[in-house]
Amino acid sequence: MGRSQSDPPKSNDQTAISSKRKREDEAHRRDLDSKRKKLLVTRRQLPIWTHQKAIRAAVRDHDVLVLSGETGSGKSTQVPQFLLDMFRSSKIAVTQPRRVAAISLARRVADEVGTPCGSSSPASTVGYSVRFDQSTSPSTRIKFLTEGMLLQEMLRDPKMSQYNCIIVDEVHERSINVDLLLGFLKQLLAERRRGRNPLKVVVMSATADVETISNFFSKSAPQTNGHSTPVPGTDTEDNTAEASSAASWQGIADDEAGAPNDEVNASNDTKSSVNICHVEGRQHPVKTTYLPQPTEDVIDTALQRIFKIHCGEPMPGDVLVFMTGQETIQNLQKLLEELAENLTRDFPKLLVLPLFAALSQTAQQRIFEPAPPNTRKVILSTNIAETSVTVPGVRYVVDTGKAKIKKFRNQIGLDSLLVKPISQSSADQRKGRAGRESAGQCYRLYTEEGFMSFDRDNTPEILRCDLSEALLKMKARGVDDVLNFPFLTPPPREALEKALMQLLQLGALNEDGKISKIGLPVARLPLTPSLGRVIVEAATLDCLLEVIDIVACLSVENIFLNVDTEDARGKAQEARQQLFRRQGDHLTLLAAVQAYASETSDRRRWCDDHLISHRAMKGAMDVRKQLRAQCKQAKLLPEKAEVETENGPPYEAVSDNILKAFVRGFMNNIARLCPDGSYKTFIGNQTVAIHPSSVLFGRKVEAIMYNEFVYTSKAYARGVSAVQLRWLEEVIG
DNA sequence: GAGCACTGC
């Protein structure tokens, strides 16, 4: 980064500044290097370290490496580094299901490599890319990204030409994005093998069930694009300078994976050569205890177990209790706190902390604070502690064996969210949370027979959700025959057909099943096809800025905080009342965004005064900014649309059009009022109740349109507005 | 007068 000799002569001051700068740079480099050397000591102790040569050889000699390794093996941080010098001229992508993981892994790996992270320096070789936060440099060689981000990149660069290696991590979680990604990669491997720029894929999973994935890649799949002709493949080129012998691989290679390799490249080009590697994890032992008899009352059993641990087990050692939801957590918290009052002084104190996603950031932060002296923490948590949040100091896990699980019923377009038994792998994941720092214990509040009756693995999301978004992404990638797409787990044909029907109805597909002029921008928007369609419709109805504001709110958690105490009502409730619009939730959200955006002095305080979540509002503003930018790119919004909605004409003038735009995207979600006072869906004649969180709750209007149809204790409509039935004809016509 | 687990673009 030194100056070239052609630079103009510098003044003394400039010379002084530039030499100071040089000294600082030098110091910074030394800093990074000493950090790197220190970390190298720890890296060498990781279980995966001894597999380095084998992993490099496997990637060199095969198209796909399937790597299984339990927590603590070091695979997420080490594998990208092992492969770095094999791909000199291009990038390695590493996908993660969650943003925090992508960012923290990038920071860690940057330290280990000895490079600044992300965009902090043009020389940085390790970066990350997640929604709203991209941190890369021209020199980035390892890029951590969320699965959704890589899918988004794939829509813009179908060949993924900037990457020679794609590492897909945490595949065992089986998010719909990971399934989609694996299908696309299977197709892409075949395409890229024919070119000069072959692609390597590494699939990493925490469970030993690597066979399914291995078979998936090594078996041929029907071609999805008719124009491609099978070309005899060449063996993958040896693009590493290292002459590492494949012999060291033999000990680890699985015979079953090695066997089909010989024929792979010769016959059908959707087959890839696959190798399997297993790396042991590093966890402390956890002792498991089951109930002798099933329990009638899990809450009561949990209560007793927590007190037995607290009074019988030595300090320190916090307790993590896995429960189903906010309500049960708060109930148990109350019971525990009452009983803890009566504890004699012989026992340590008890600090009960709830943990669920809807909790404010500061309340969640409390689990990381050290407990006061002579106090044991009991954390009552939802599934959030299973994957997303690591609770420190836990030595005891209490597992109720249940979770709330969402499932989409495509026959009626209804989501159910019900308490169900978890899977065995989920139970083991929960148990593992007791052994992160030292040996621990896990109390399962079910019998061993109960455990044996659990499903082996979580049901992949692709079998549980609305497929319209996934199918539209496929169509946008040119996958015409979605019924024959290489799915790792093929969804039922009925579910695929239903989603195709939905896309046709939205006008996102042409009659021939190919993506339409409307479908293309919809596919690129970070929204469901329905909401994307609403955006496109709003552009023609001249209310796009307003609709973007509403859609932004619908894309984040509920902006209205729950009021559970009488005290919290009163003034604040009254202030919020000013935002309520009689037409329903959509215009109420718009009023809230406009009021928030026009508040220039203290937005946090404005939120507090109105019982509105500041976190959600900030999120909505991020989405709004992104949607506006993307709408400009898609020419839905004029380039110079700098008109702030809050300064524009009153939205009353366009309020009907706003709701009509929503009706276009949610034509199946219309219900009309019946003489008995209930609402029945226009299609299917199902009874729906307006959710208590809606401003229309308890109101009677001619007809309602809603964004979500969720079954919990009964079938509820959420995100509801009053509409006129004649709009339906108008919108369709 | 009743209540949504968790991610992600």
Side-chain angles (χ1 to χ4, degrees), chain A residues 95-102 129-134 145-156 170 173-181 322-331 354-359 364 380-389 400 402-407 415-420 422 426 429 458 460-461 464-465 469-470 472-473 476 522-529 531-532 551-552 555-558 560-564 619 622-623 626-627 629-630 689-694 696-699 707-719:
Chain A
T95 70
Q96 291 293 322
R98 281 167 291 278
R99 291 185 206 165
V100 269
S129 177
V130 303
R131 192 182 189 183
F132 307 129
D133 190 4
Q134 283 160 62
L145 10 60
T146 47
E147 293 154 358
M149 206 66 193
L150 190 65
L151 281 174
Q152 207 65 28
E153 285 189 3
M154 273 187 150
L155 291 184
R156 290 175 166 78
E170 310 283 8
E173 292 193 19
R174 294 297 303 274
S175 66
I176 186 162
N177 281 344
V178 108
D179 280 26
L180 212 52
L181 209 50
F322 282 102
M323 308 188 54
T324 54
Q326 180 173 348
E327 201 184 338
T328 46
I329 285 173
Q330 284 166 343
N331 287 344
L355 178 63
F356 44 86
L359 217 53
Q364 285 190 24
L380 309 179
S381 172
T382 59
N383 255 348
I384 193 171
E386 201 180 300
T387 48
S388 309
V389 178
T400 60
K402 295 205 180 321
K404 278 187 185 168
I405 294 172
K406 199 168 195 168
K407 187 171 164 53
D415 261 323
S416 64
L417 186 72
L418 300 170
V419 173
K420 292 271 166 64
I422 58 172
S426 192
Q429 186 76 25
N458 291 345
E461 191 184 3
R464 295 188 290 115
C465 72
E469 195 173 352
L472 189 59
K473 284 216 178 83
V522 173
R524 290 187 172 200
L525 287 168
L527 300 168
T528 61
L531 284 173
V551 170
S555 303
V556 297
E557 60 194 292
N558 195 356
F560 294 111
L561 293 167
N562 284 343
V563 256
D564 45 5
D622 284 339
V623 179
Q626 187 185 32
L627 290 178
Q630 290 191 354
I690 296 174
H691 194 273
S693 64
S694 170
L696 283 189
F697 180 71
R699 293 255 316 275
N707 301 127
E708 281 180 281
F709 187 26
V710 189
Y711 188 91
T712 51
S713 59
K714 57 179 167 180
Y716 282 108
R718 304 187 86 236

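Reminder, nothing fancy here: chain letters follow the sequence lines and each chain counts from 1.
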Output for pair (A:Glu147 CD, A:Leu180 CG), nearest 0.5 Å, gives 10.5 Å
Considering only side-chain heavy atoms of [X], which listed nucleotide, [options], is closest?
X	options	answer
A:His691	B:dC9, B:dT7, B:dG3	B:dG3
A:Thr712	B:dC9, B:dT7, B:dC4	B:dC4
A:Pro526	B:dC9, B:dA2, B:dG3	B:dC9
A:Thr382	B:dG8, B:dA5, B:dG3	B:dA5
A:Pro692	B:dC6, B:dC9, B:dG3	B:dG3
A:Lys404	B:dG3, B:dC9, B:dC4	B:dC4
A:Leu417	B:dG1, B:dC9, B:dC4	B:dC4

Take atom [atom1] of [X] and atom [atom2] of [N], then tell me their distance rounded to the nearest Å.
X	N	atom1	atom2	value
A:Arg174	B:dT7	CZ	P	20 Å
A:Asn331	B:dG3	CG	P	14 Å
A:Gln364	B:dC6	CD	C1'	12 Å
A:Leu180	B:dC9	CG	P	15 Å
A:Glu469	B:dG8	CD	C1'	9 Å
A:Glu557	B:dG3	CD	C1'	16 Å
A:Leu181	B:dT7	CG	P	20 Å
A:Phe356	B:dG3	CZ	P	17 Å

Is [X] close enough to [N] that one of its side-chain N or O atoms is under 4.0 Å from OP1 or OP2 there?
X	N	answer
A:Arg98	B:dC6	no
A:Thr146	B:dC9	yes
A:Gln326	B:dG3	no

Note to self: Strictly distance-based, threshold 3.5 Å: is any side-chain N or O of A:Arg174 a donor or acceptor partner for the main-chain N or O of A:Asp179?
What the structure shows: no
Does A:Ile176 offer a backbone N or O that forms a donor-acceptor pair with the side chain of A:Glu461 under 3.5 Å? yes
Across all chains, not counting sequence neighbours, the side chain to side chain contact (heavy atoms under 4.5 Å, CB included) partners of A:Thr528 are A:Glu469, A:Ser530, A:Leu531
Applying side chain to side chain contact (heavy atoms under 4.5 Å, CB included) to A:Thr324 and not counting sequence neighbours gives A:Thr328, A:Lys402, A:Lys404, A:Val419
At less than 3.5 Å, do the side-chain atoms of A:Glu708 and the base atoms of B:dC4 form a donor-acceptor pair? yes
Handout entry: Side-chain donor/acceptor contact of A:Arg524 with base of B:dC9 under 3.5 Å
Key = no
Exercise. Are a donor atom and an acceptor atom from the side chains of A:Arg131 and A:Gln152 found within less than 3.5 Å of each other?
Worked result: no
Heavy-atom nearest nucleotide on DNA chain B taken for A:Tyr716 and for A:Ala358; more 5' hit belongs to A:Tyr716
Within the 4.0 Å heavy-atom criterion, would you say [X] contacts the bases, only the backbone, or no part of the nucleic acid?
X	answer
A:Leu527	base
A:Val419	nothing
A:Ala357	sugar-phosphate

